[in-house]
Chemist: 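Sharing a structure below in structure tokens format, with a few things to ask.
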Amino acid sequence: MPTHRPLRVVLAEDSVLLREGLIGLLGRFGHETVAAVGDADALRDAVAEHEPDIVVTDVRMPPGFQDEGLRAAVALRAERPSLPVLVLSQYVQRSYATELLDAGDGTGVGYLLKDRVGQVEEFADALTRVAAGGTVVDPEVVRQLLRRRRDPLAALTPREREVLGLVAEGKSNGAIARALVVTEAAVGKHIGNILGKLDLPPAGDTHRRVLAVLAFLRD
């Protein structure tokens with residue numbers, strides 16, 4: 001299953017079984033795992049040694065099994081703002097998602113639940129998009145962020161809320177149109193209405209649009 005271009009990946013996951021599974025999955029899509037490590041210190045060392053195209057890391061890692069992987073990812077982004085990082089989490093943690101999205105220069109970042117890895121094509125697409133500088137946020141995280149913002153979102157129609165969720169996931173107008181079985185023109189109109197109602201500036205590309213929506217949802 002070829003991808004757009006092979007990626008050199010540093011993988012950090014303390015579970016040997018999942019780590020080996022991810023190595024196999026990455027290889028299936030033509031990517032090379034240049035280092036596979038089990039703790040945050042080894043992750044930082046591996047990035048310094050290999051200068052990968054992307055980092056894929058778990059949130060919780062030894063020794064404390066709290067947020068060591070996330071802390072390492074944020075530190076790496078501080079040192080290398082353009083380093084693409086895809087973080088995997090067992091559970092939805094809004095604070096983790098927010099901290100990661102705020103790290104670095106705002107490009108090339110993703111936050112997915114581990115369940116998403118089982119959806120192979122979706123995971124591979126997320127990896128490619130993050131490596132290319134995109135922003136990918138798990139739909140469940142988006143739903144929880146949406147639930148936090150009741151008042152301004154009350155002005156949106158049910159369909160506009162649906163479109164907003166898909167925008168925040170990083171989907172293009174074409175992908176949203178296919179998901180909702182409508183035309184791209186209809187999607188464009190919905191997005192224009194949403195940005196107007198939420199008092200967000202118009203954005204010229206999908207990535208800036210995602211960042212604008214996520215910034216609003218995190219307030």
Side-chain angles (χ1 to χ4, degrees), residues 1-5 7 29 31 53-54 56 82 84-88 92 94 97-98 100-113 115-219:
M1 292 185 184
T3 186
H4 296 292
R5 70 178 179 93
L7 299 171
F29 284 89
H31 305 307
D53 297 315
I54 187 170
V56 178
S82 61
V85 173
L86 177 59
V87 168
L88 305 177
V92 175
R94 287 197 301 263
T98 299
L100 181 67
L101 291 165
D102 287 339
D105 66 359
T107 65
V109 63
Y111 182 96
L112 292 180
L113 294 182
D115 288 348
R116 203 68 53 191
V117 177
Q119 300 177 31
V120 175
E121 298 287 346
E122 189 172 340
F123 172 73
D125 177 65
L127 184 81
T128 300
R129 282 195 282 157
V130 170
T135 303
V136 177
V137 182
D138 195 278
E140 183 57 33
V141 176
V142 173
R143 280 192 286 272
Q144 292 211 15
L145 289 169
L146 284 169
R147 284 200 291 269
R148 296 177 64 199
R149 296 301 304 260
R150 296 287 184 182
D151 293 340
L153 295 180
L156 303 184
T157 67
R159 175 47 63 94
E160 287 169 350
R161 288 176 63 91
E162 193 173 12
V163 170
L164 176 63
L166 294 171
V167 168
E169 290 171 29
K171 296 188 183 298
S172 66
N173 284 16
I176 294 172
R178 289 190 294 274
L180 300 180
V181 195
V182 297
T183 66
E184 285 195 44
V187 172
K189 183 176 180 180
H190 285 311
I191 290 173
N193 290 339
I194 291 166
L195 295 177
K197 290 179 179 180
L198 300 184
D199 197 27
L200 290 172
D205 58 40
T206 300
H207 178 67
R208 289 203 300 272
R209 189 172 70 191
V210 171
L211 292 181
V213 171
L214 290 173
F216 173 82
L217 293 176
R218 296 203 305 271
D219 282 348

Chemist: I need the minimum non-hydrogen distance between Gly188 and Asn173, along with the two atoms involved.
Modeler: CA-ND2, 4.1 Å
Chemist: Search all heavy atoms of Glu160 against all heavy atoms of Asn193 and return the closest pair with its distance.
Modeler: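 Scanning both residues, the minimum pair turns out to be OE2-CB, 3.4 Å.
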Chemist: What are the two closest non-hydrogen atoms of Phe123 and Leu88, and how far apart are they?
Modeler: CE1-CD2, 4.3 Å
Chemist: Got a second to check how far Thr128's OG1 is from Leu86's CG, nearest 0.5 Å?
Modeler: 10.5 Å
Chemist: Could you measure the distance from the NE2 atom of His190 to the CD1 atom of Ile176? Nearest 0.5 Å is fine.
Modeler: 10.0 Å
Chemist: Looking at Val130 and Val85, what are the two nearest heavy atoms and their distance?
Modeler: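 Closest pair (atom of Val130, atom of Val85, distance): CG1-O, 3.7 Å.
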Chemist: Would you say the side-chain atoms of Asp138 pair up with the backbone N or O of Leu113, donor to acceptor, closer than 3.5 Å?
Modeler: yes
Chemist: Which pair of heavy atoms, one from Arg5 and one from His31, lies closest together, and at what distance?
Modeler: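 Taking Arg5 first and His31 second, the nearest heavy atoms are O-CE1, 3.6 Å.
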Chemist: Between Val182 and Arg159, is a side chain to side chain contact (heavy atoms under 4.5 Å, CB included) present by the stated rule, with each step listed?
Modeler: CA-CA 11 Å; Val182 297; Arg159 175 47 63 94; 3.6 Å; yes
Chemist: Taking all non-hydrogen atoms of both residues, which atom of Ile54 and which atom of Ala131 are closest, and how far apart?
Modeler: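 Residues Ile54 and Ala131, closest heavy atoms: CD1-N, 3.9 Å.
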Chemist: What's the separation between atom CG in Asp125 and atom NZ in Lys171, rounded to the nearest 0.5 Å?
Modeler: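 Going from CG on Asp125 over to NZ on Lys171, the span is 7.5 Å.
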Chemist: Set out, in order, the CA-CA distance, both residues' side-chain angles and the distance that settles side chain to side chain contact (heavy atoms under 4.5 Å, CB included) for Leu127 and Leu7, then state yes or no.
Modeler: CA-CA 9 Å; Leu127 184 81; Leu7 299 171; 4.0 Å; yes
Chemist: Is the closest side-chain heavy-atom distance between Leu180 and Val163 below 4.5 Å?
Modeler: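 Leu180 reaches Val163 side chain to side chain.
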